[in-house]
Amino acid sequence: MSKRRFIRSSILAVCSFIRESVLSDAYAAKKGLLQARDARFKLLIIFTLLLAVLFSKNIIFILSIYGLCLLFALASSINIAFFLKRTWIFMPLFSLFIALPALFDIFSPGQPLVSFRIFGLSLIITRQGLMSAIFFFVRVLTSVSLCVLLALTTRHYVLLKALRIFRVPQVFVMTLGMCYRYIYLFIEVVQNTYLAIRSRVEFVSSLKHGQGIVAGNIASLWQRSYVLQNQVYSAMLSRGYMAEPKTMDEFHMSIKDWIFLAMAILILVLVYGKNII
Amino acid sequence: MAKTLFELKGVYFSYLGKFPALCGVDLSIPEGSRVSFIGANGCGKSTLLQMLDGLLFPDKGIIKAFGAELKENNFNNEKFAREFRQSVGLVFQNSDVQLFCPTVKEDIVFGPLQLGLDKQEIKKRLERLVDILEIKDLLDRAPHQLSIGEKRKVAIASTLIIEPKVLILDEPTAGLDPLTSRHIIDLLIQENIAGKTIITATHDLHIVEEISDQVFVFSREKRIVRNGVPSDILKDTELLEAHNLVHIHSHRHKDGVHIHAHTHLEHHAQE
Ligand SMILES: Nc1ncnc2c1ncn2[C@@H]1O[C@H](COP(=O)(O)OP(=O)(O)OP(=O)(O)O)[C@@H](O)[C@H]1O
Ligand SMILES: [Mg+2]
């Protein structure tokens with residue numbers, strides 16, 4: 001029983017997590033510090049901070065930007081636990097492929113800290129390796145957090161429109177928009193299929209059986225969401241869509257937007273200046 | 001004699017080149033008329049409506065709209081595309097497809113915004129429709145969370161707000177409660193009186209007479225086998241039976257259960 005329940009709850013949990021974290025506009029609809037910012041400025045501010053993180057060679061500085069990020073999240077009435085979950089979920093992936101190898105002397109020669117043997121291979125973690133791994137980790141964490149912050153506090157339509165204003169090519173923006181809706185439909189189809197299976201057999205009898213059903217269905221799932229996506233596109237055309245979405249939300253800039261942007265630029269300049277000295 | 005709005009001659013269409021959906025359709029629809037299409041499941045009604053809306057194009061044969069041939073290339077011309085989308089509106093059979101914005105409100109105003117209508121005007125139209133369709137409470141909700149009937153109302157609003165001259169509806173009353181159905185039909189009749197052309201596909205023979213002056217009957221061979229005034233078509237039990245539009249039905253009258261051919265039309269009125 002517990003296994004069954006596990007399968008059921010894990011499928012539904014994955015769906016609702018994606019829905020909540022990627023697709024939800026709930027946070028964008030709230031009132032808060034970042035939500036009130038003009039999308040164009042927000043894009044610029046986040047971009048400037050990203051550059052600062054990228055250029056900075058000082059770990060304390062990057063950590064303080066991360067702290068700032070968390071403060072922004074708080075001020076934008078984003079649930080901190082949700083925000084952390086949302087950003088940290090990407091970390092193992094990066095760590096595994098990039099930060100982990102960097103630990104060892106094969107990739108980062110230098111002063112040995114720890115050494116051990118696995119499968120007859122002697123591995124040495126170097127001080128330099130450890131530093132660059134930590135550095136990398138913090139940098140990625142901060143960058144991801146900044147992007148997530150932007151995505152969470154901006155309606156995706158508005159974000160796409162702001163991207164267009166900065167002359168990001170049409171094809172790219174349109175593809176992004178399509179991906180977004182595609183994921184959305186895909187999740188919907190997965191959820192419904194799962195419910196349909198359940199309604200017919202009540203439960204998936206074992207993990208293996210469950211995987212079988214999912215594997216057997218995955219091709220047809222993609223197909224179904226593809227057909228749906230085509231129809232959605234027709235429906236958009238039918239209502240006069242011409243490749244460039246228009247929204248009711250006009251951009252509203254205020255003096256605060258300028259102040260925020262100025263601060264971000266100042267940070268970038270400081271980082272840059274420090275690097276040169 | 002009213003102007004001809006749509007004209008189809010020998011139209012064939014198949015999905016992906018292998019699933020036939022229309023096999024030789026000829027018809028013409030006059031401006032300002034009320035027309036409906038009936039027929040069994042899968043006989044090509046939805047396909048035809050999407051073709052009238054300039055979303056699908058014939059493999060063979062021609063379709064004329066507003067006096068000129070309708071071709072896919074025409075829509076590359078922005079001015080043409082805008083005018084056409086402004087003039088013809090389609091309510092899809094599957095409302096889920098039609099609603100893709102984060103909130104109901106954004107979904108309803110999507111069309112007029114794309115078409116570049118004045119914001120004040122859009123607000124005015126929105127308020128009016130929200131009143132008529134009684135969907136004020138839904139405005140800030142996400143479309144995918146609504147019930148089927150609520151979704152349909154929102155979908156109808158999102159097309160009506162464009163105020164097209166030609167209104168095409170695919171099963172507008174499926175899944176609606178009787179009172180809401182009534183509202184929608186009244187709304188359509190009013191729009192027609194105001195000069196709009198109303199084109200509907202439906203399985204609901206109850207509404208056919210009210211929403212059409214002319215009925216086209218599709219056969220399973222995916223072409224039109226009859227067309228005429230509703231009263232004639234609805235009387236022809238043999239025709240309706242041959243096209244899955246009536247069924248042998250057992251149900252309860254005052255004198256108990258009995259079985260007879262049933263058109264879903266008049267029997268209760270006779271009791
Ligand atoms: N996306 C598609 N791909 C392949 N075949 C399709 C597709 N959509 C429809 N068809 C086929 O085209 C034919 C006509 O379908 P259509 O949806 O027009 O029927 P319909 O008259 O609207 O049916 P219903 O009353 O069930 O809504 C059907 O045989 C169907 O199988
Ligand atoms: Mg149909």
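We use all heavy atoms of the structure for the numbers below, so side chains are in, but hydrogens, waters and symmetry mates are not. Letters A, B, ... are given to chains in the order of the sequence lines, protein chains preceding strands, and every chain is numbered from 1.
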Exercise for the section: Check for a donor-acceptor pair, side chain of Thr142(A) on one end and backbone N or O of Val53(A) on the other, with a separation under 3.5 Å. Expected result: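 No, Thr142(A) side chain to Val53(A) backbone: no donor-acceptor pair under 3.5 Å.
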
Handout entry: Flag, side chain of Asp140(B) to backbone of Val104(B), donor-acceptor distance under 3.5 Å
Key =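 Looks like no, no N/O pair under 3.5 Å.
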
Handout entry: chain A contact via Asp107(B) - side chain, backbone, both or neither, heavy atoms under 4.5 Å
Key =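 Contact with chain A is through both the backbone and side chain of Asp107(B).
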
Exercise for the section: Please state whether the side chain, the backbone, both or neither of Gln86(B) comes within less than 4.5 Å of a heavy atom of chain A. Expected result: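 Neither part; nothing is under 4.5 Å.
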
Please determine whether a side-chain nitrogen of the Lys or Arg among [X] and [Y] lies less than 4.0 Å from a carboxylate oxygen of the Asp or Glu.
X: Lys64(B); Y: Glu69(B); result: no
X: Lys136(B); Y: Asp131(B); result: no
X: Glu127(B); Y: Lys123(B); result: no

Handout entry: Contacts of residues 156-169 of chain B with chain A (heavy atom under 4.5 Å)
Key =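 Hits under 4.5 Å: Ser158(B), Ile162(B).
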
Practice task
Select all residues of residues 38-46 of chain B having any heavy atom within less than 4.5 Å of some heavy atom of chain A, and report them by number, or 'none'.
Solution key: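 Residues qualifying by a heavy atom under 4.5 Å from chain A are absent, so none.
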
Exercise for the section: Give the C-alpha distance, both sets of side-chain angles, the deciding distance and a yes or no for side-chain contact (heavy atoms from CB on, under 4.5 Å) between Arg37(A) and Phe260(A). Expected result: CA-CA 9 Å; Arg37(A) 302 278 68 77; Phe260(A) 270 90; 3.9 Å; yes

Practice task
Pick whichever of Ser234(A), Gly240(A), Ser238(A) has the most heavy-atom pairs under 4.5 Å with chain B.
Solution key: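 Looking at each option in turn, the highest pair count goes to Ser238(A).
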
Exercise for the section: Can you sort out the partners of Phe83(A) under ring-ring contact (aromatic ring centres under 6.0 Å, His included), two or more places apart, ordered by chain and number? Expected result: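 For Phe83(A) there are no ring-ring contact (aromatic ring centres under 6.0 Å, His included) partners, ignoring immediate neighbours.
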
Problem - Residues forming a ring-ring contact (aromatic ring centres under 6.0 Å, His included) with Phe6(B), sequence neighbours excluded - result: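 With sequence neighbours excluded, Phe6(B) shows a ring-ring contact (aromatic ring centres under 6.0 Å, His included) to no residue whatsoever.
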
Handout entry: Derivation and outcome, salt bridge (Lys or Arg N to Asp or Glu O under 4.0 Å), residues Lys124(B) and Glu121(B)
Key = CA-CA 5 Å; Lys124(B) 231 169 62 195; Glu121(B) 173 66 21; 3.6 Å; yes

Exercise for the section: Determine, using ring centers only, whether Phe80(B) and Phe75(B) are less than 6.0 Å apart. Expected result: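 Yes: the rings meet the under 6.0 Å criterion.
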
Problem - Aromatic contact, Tyr27(A) with Phe82(A) (centres under 6.0 Å) - result: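 Centroid separation for Tyr27(A) and Phe82(A): below 6.0 Å.
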
